[in-house]
A.B. asks: 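One structure coming up, written as structure tokens, with questions to follow.
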Amino acid sequence: MGRKLLLENINVPGINTFDVYRQKGGYRAVEKVLKGMSPEDVVEEVKKSGLRGRGGAGFPTGMKWSFLAKPEGKPRYLVCNGDESEPGTFKDRYLMTYIPHLLIEGMIVSSFALGANTSYIYVRGEMMPQIRILEKAIAEARNAGFLGKNILGSGYDLELYVQPGGGAYICGEETALIESLEGKRGNPRIKPPFPAISGLYNCPTVVNNVESIAATVPIINDGGDEYAKLGIGRSTGTKLISASGNLNKPGVYEIELGVPVEEFIYSDEYCGGIANGKRLKAVVAGGSSVPILPANLILKTLNGENRLMSYESLADGGFASGTMLGSGGFVAFDEDQCIVRNTWNYARFYHHESCGQCSPCREGTGWMEKVLHRLEYGHGKLSDIDLLVDVSKKIEGNTICPLGDAAAWPVASAIRHFRDEFEWHVSRPEEAMDRNYGLAHY
Ligand code: NAD
Ligand code: SF4
């Protein structure tokens, strides 16, 4: 069994309550930092751990923290991004539901490290149960003296608030999230300046994903060096993976980074293979924003090496033959899945969620959805396939925020690896329509 750092106690009855969480060693990291460490020490441990942002971008967390500006007379903020909306990604929701105090503890440790006295957990608006769970956990922590003024007599004050999200996928983009938190429409801002320089109310702000913040707890308890011993290369530690689609055992798994993809899909410890004895056709490994890969390329790199669940190995070969770990939203497609239909489904999502600020994204996502729809429904032309590639290229790299790239990559990669399936939809439209193809369930 792989080492568990975040989900070790997930099955302990009552672990969602303060008392049980505390009995299992909870809030030790808060005691450790407030009684014997400086904020700089905490940042140093996180740097040593090699932790990379678990929301999807994989940016080194310690480095992000060290970029935080410290101007005189301005507050600094920590904002936890719990607006998890990436299709196929549900690990933060799981963590907030079942072990909320791990996040609260991580928020206290991280806020202390950053010198923040007011911090926010921005939770996707649809997740009302999780919002209530977190509010209850915050009240329990406050009653026990872990939040509020002069925590544990250390002189450190922290107020922690839960903010329901604005109900749009784009509110998970960090600058849109900040706009939304300020009470405005969640439109992304142009970066730079990065939030670390000018974020919430134009003050220095760090925005970190739920899982990243939770990971600071074992990092402080065991030390950054110990954390860095887990994983492989620059992919240190463990990662939560949301596994869905045509798998025997979909769910949330904590893996040590570096597990072979084949083991993750087929072993009983993880997904237990493809459901109903079918063959694997393709995988979207890191949430809908990353390129799709056919079965042969997700299991092995072009050099014939085993593909591993790590930032580097999944990206091996670039976009020609690789993909990204992203948010860890791992969707498996069996041999009966229609790639054209699934690609259209993703395109429909991005068109709906585009905020409309920049024209390549606003217009391009609409065109991609329209063209994919006509291919799927038997009205497509061969030239539509190249038209899709052309539109995706015009979006990529030309937009304010990553939603544009996220919309372009699934389309471009689906055509790169499954062009014959798109052509088949043009040459045999009725057959394509008749076959009982479905959408992967995620
Ligand atoms: P990004 O690479 O622009 O930034 C990553 C982080 O590093 C940000 O916090 C940014 O502020 C910081 N950063 C980068 N360069 C910096 C610098 N020079 N100075 C200071 N800070 C710096 O990516 P992003 O927009 O944060 O995230 C995109 C990813 O989010 C996508 O790859 C996708 O996988 C993922 N995503 C996840 C979800 C989800 O529900 N989990 C939803 C949508 C997208
Ligand atoms: Fe809005 Fe799309 Fe531009 Fe992002 S890329 S700012 S979602 S229009």
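What you see below is based on every heavy atom in this structure, not just the backbone, and it leaves out hydrogens, waters and symmetry mates. Both ligands and their constituent atoms are indexed starting at 1 by order of listing.
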A.B. asks: Only heavy atoms of Gly404, strictly under 4.0 Å: list the atoms of ligand 2 that pass.
C.D. replies: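 Once the distances to Gly404 are compared, the set is 5 (S).
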A.B. asks: Could you grab the distance from atom CE of Met368 to atom SG of Cys361, nearest 0.5 Å is fine?
C.D. replies: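 Separation between the atoms: 8.0 Å.
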A.B. asks: Relative to the heavy atoms of Ile400, which atoms of ligand 2 are at a distance of less than 4.0 Å?
C.D. replies: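 Reading through ligand 2 atom by atom, the close ones are 6 (S).
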A.B. asks: Tell me: protein heavy atom nearest atom 27 (O) of ligand 1, and distance?
C.D. replies: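 For atom 27 (O) of ligand 1, the nearest protein heavy atom comes out as Ala57 CB, 3.7 Å.
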A.B. asks: For ligand 2, which atoms sit closer than 4.0 Å to a heavy atom of Ser354?
C.D. replies: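 Within the 4.0 Å cut-off of Ser354, ligand 2 contributes 2 (Fe), 8 (S).
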A.B. asks: Examine distances only and state if a side-chain atom of Gln130 and a backbone atom of Met96 form a donor-acceptor pair shorter than 3.5 Å.
C.D. replies: no
A.B. asks: Among side-chain atoms of Glu159 and Thr118, is any donor-acceptor pair under 3.5 angstrom?
C.D. replies: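 Absent: no donor and acceptor within the cut-off.
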A.B. asks: With respect to atom 6 (S) of ligand 2, which of Glu363, Gln357, Arg189 exhibits the smallest heavy-atom separation?
C.D. replies: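 Of the listed residues, Gln357 has the closest heavy atom.
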A.B. asks: Regarding Tyr21 and Glu105, is there a side-chain donor-to-acceptor distance under 3.5 Å anywhere?
C.D. replies: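 Present: a donor and an acceptor within the cut-off.
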A.B. asks: Between atom CD1 of Ile15 and atom CG of Leu7, what is the distance when rounded to the nearest 0.5 Å?
C.D. replies: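 The CG atom of Leu7 is 11.0 Å from CD1 of Ile15, to the nearest 0.5 Å.
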A.B. asks: May I ask you to identify the nearest protein heavy atom to atom 19 (N) of ligand 1, giving residue, atom name and distance to one decimal place in Å?
C.D. replies: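 That would be Phe67 CD1, 3.3 Å.
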A.B. asks: Do Ser289 and Tyr350 have side-chain N/O donor and acceptor atoms under 3.5 Å apart?
C.D. replies: yes
A.B. asks: Does Ser85 have a non-hydrogen atom less than 4.0 Å from ligand 1?
C.D. replies: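 Yes, Ser85 has a heavy atom closer than 4.0 Å to ligand 1.
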A.B. asks: What protein heavy atom sits nearest atom 10 (C) of ligand 1, and how far off is it?
C.D. replies: Glu174 OE2, 3.0 Å
A.B. asks: Going by the atom numbers of ligand 2, which of them fall below 4.0 Å from some non-hydrogen atom of Gly356?
C.D. replies: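 Those of ligand 2 that fall under 4.0 Å from Gly356 are 1 (Fe), 8 (S).
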A.B. asks: Hey, are Arg124 and Tyr169 close enough side-chain-wise for a donor-acceptor pair under 3.5 Å?
C.D. replies: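 Arg124 and Tyr169 do not have a side-chain donor-acceptor pair below 3.5 Å.
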A.B. asks: Give me the nearest non-hydrogen protein atom to atom 36 (N) of ligand 1 as residue plus atom name, then the distance to 0.1 Å.
C.D. replies: Gly55 O, 3.8 Å
A.B. asks: In the protein, what heavy atom is nearest to atom 1 (Fe) of ligand 2, and what distance, to one decimal place, separates them?
C.D. replies: Cys355 SG, 2.4 Å
A.B. asks: Of all the non-hydrogen atoms in the protein, which one sits nearest to atom 18 (N) of ligand 1, and at what distance?
C.D. replies: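 Going by distance alone, atom 18 (N) of ligand 1 is nearest to Phe194 CE1, 3.4 Å.
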A.B. asks: Looking only at protein heavy atoms, which one is nearest to atom 34 (O) of ligand 1, and how far off is it?
C.D. replies: Gly56 CA, 3.5 Å
A.B. asks: Going by heavy-atom distance to atom 39 (C) of ligand 1, choose the closest among Met63, Glu86, Arg124.
C.D. replies: Glu86
A.B. asks: If you measure from each non-hydrogen atom of Pro195 to ligand 1, which part falls under 4.0 Å: side chain, backbone, both or neither?
C.D. replies: side chain
A.B. asks: What pair of heavy atoms forms the shortest contact from Cys401 to Ile170, and how long is it?
C.D. replies: SG-CD1, 3.7 Å
A.B. asks: Which residue supplies the protein heavy atom nearest to atom 4 (Fe) of ligand 2, what is that atom called, and how far is it?
C.D. replies: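 Checked against all protein heavy atoms, atom 4 (Fe) of ligand 2 sits closest to Cys401 SG, 2.3 Å.
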A.B. asks: Distance to 0.1 Å, residue and atom name: give those for the protein heavy atom nearest to atom 2 (Fe) of ligand 2.
C.D. replies: Cys361 SG, 2.4 Å
A.B. asks: Tell me yes or no: between the side chains of Asn81 and Asn208, is some donor less than 3.5 Å from an acceptor?
C.D. replies: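 The answer is no; no qualifying pair exists.
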A.B. asks: For atom 5 (S) of ligand 2, what is the closest protein heavy atom, and at what distance to 0.1 Å?
C.D. replies: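 Protein heavy atom at minimum distance: Thr399 CB, 3.4 Å.
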A.B. asks: Just let me know how Ile170 lines up against ligand 2, side chain, backbone, both or neither, with a heavy-atom cut-off below 4.0 Å.
C.D. replies: side chain
A.B. asks: Regarding Lys91 and Asn209, do their side chains bring together a donor and an acceptor under 3.5 Å, going by distance alone?
C.D. replies: yes
A.B. asks: So if I count the atoms of ligand 1 from 1 in the order they appear, which ones are less than 4.0 Å from some heavy atom of Glu84?
C.D. replies: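 Here the atoms of ligand 1 in question are 40 (O).
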A.B. asks: Select the closest option to atom 26 (O) of ligand 1 among Glu211, Lys191, Glu353, judged by heavy-atom distance.
C.D. replies: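 Heavy atom nearest to atom 26 (O) of ligand 1 belongs to Lys191.
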A.B. asks: I'd like to know if the side chain of Glu369 pairs up with that of His352 as donor and acceptor (distance under 3.5 Å, no hydrogens or angles considered).
C.D. replies: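 Glu369 vs His352: no donor-acceptor pair found between side chains.
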A.B. asks: Using a 4.0 Å heavy-atom threshold (strictly under), name the region of Pro188 that reaches ligand 2: side chain, backbone, both or neither.
C.D. replies: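 Within the 4.0 Å criterion, Pro188 contacts ligand 2 through side-chain atoms alone.
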A.B. asks: Among side-chain atoms of Glu254 and Thr238, is any donor-acceptor pair under 3.5 angstrom?
C.D. replies: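 On atom types as modelled, these side chains qualify, holding a pair under 3.5 Å.
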A.B. asks: Measure from atom 8 (S) of ligand 2 to every heavy atom in Gly186, Ala406, Cys358 and give the option owning the shortest one.
C.D. replies: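 When every heavy atom of Gly186, Ala406, Cys358 is considered, Cys358 comes closest to atom 8 (S) of ligand 2.
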A.B. asks: So which heavy atom in the protein is nearest atom 25 (O) of ligand 1, and how far is it from that ligand atom?
C.D. replies: Pro402 CG, 3.3 Å
A.B. asks: State, without any angle test, whether Glu173 and Thr175 hold a side-chain donor-acceptor pair at a distance under 3.5 Å.
C.D. replies: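 Yes, Thr175 and Glu173 have a side-chain donor paired with an acceptor closer than 3.5 Å.
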A.B. asks: Could you check whether Ser111 and Ser119, counting side-chain N and O atoms only, form a donor-acceptor pair closer than 3.5 Å?
C.D. replies: yes
A.B. asks: Apply ring pair (Phe, Tyr, Trp, His ring centres under 6.0 Å) to the pair Tyr253 and Phe330, showing each step before the final yes or no.
C.D. replies: CA-CA 10 Å; Tyr253 295 95; Phe330 191 97; 9.8 Å; no
A.B. asks: Any N/O of Gly286 closer than 3.5 Å to an N/O of ligand 1?
C.D. replies: no
A.B. asks: Do any N or O atoms from the side chain of Gln357 and from the backbone of Asn187 form a donor-acceptor pair under 3.5 angstrom?
C.D. replies: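 The answer is no, because no donor-acceptor pair under 3.5 Å joins these two groups.
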A.B. asks: Examine Asp83 against ligand 1 and note whether any of their N/O atoms are separated by less than 3.5 Å.
C.D. replies: no
A.B. asks: So is there a nitrogen or oxygen of Lys64 less than 3.5 Å from a nitrogen or oxygen in ligand 1?
C.D. replies: yes
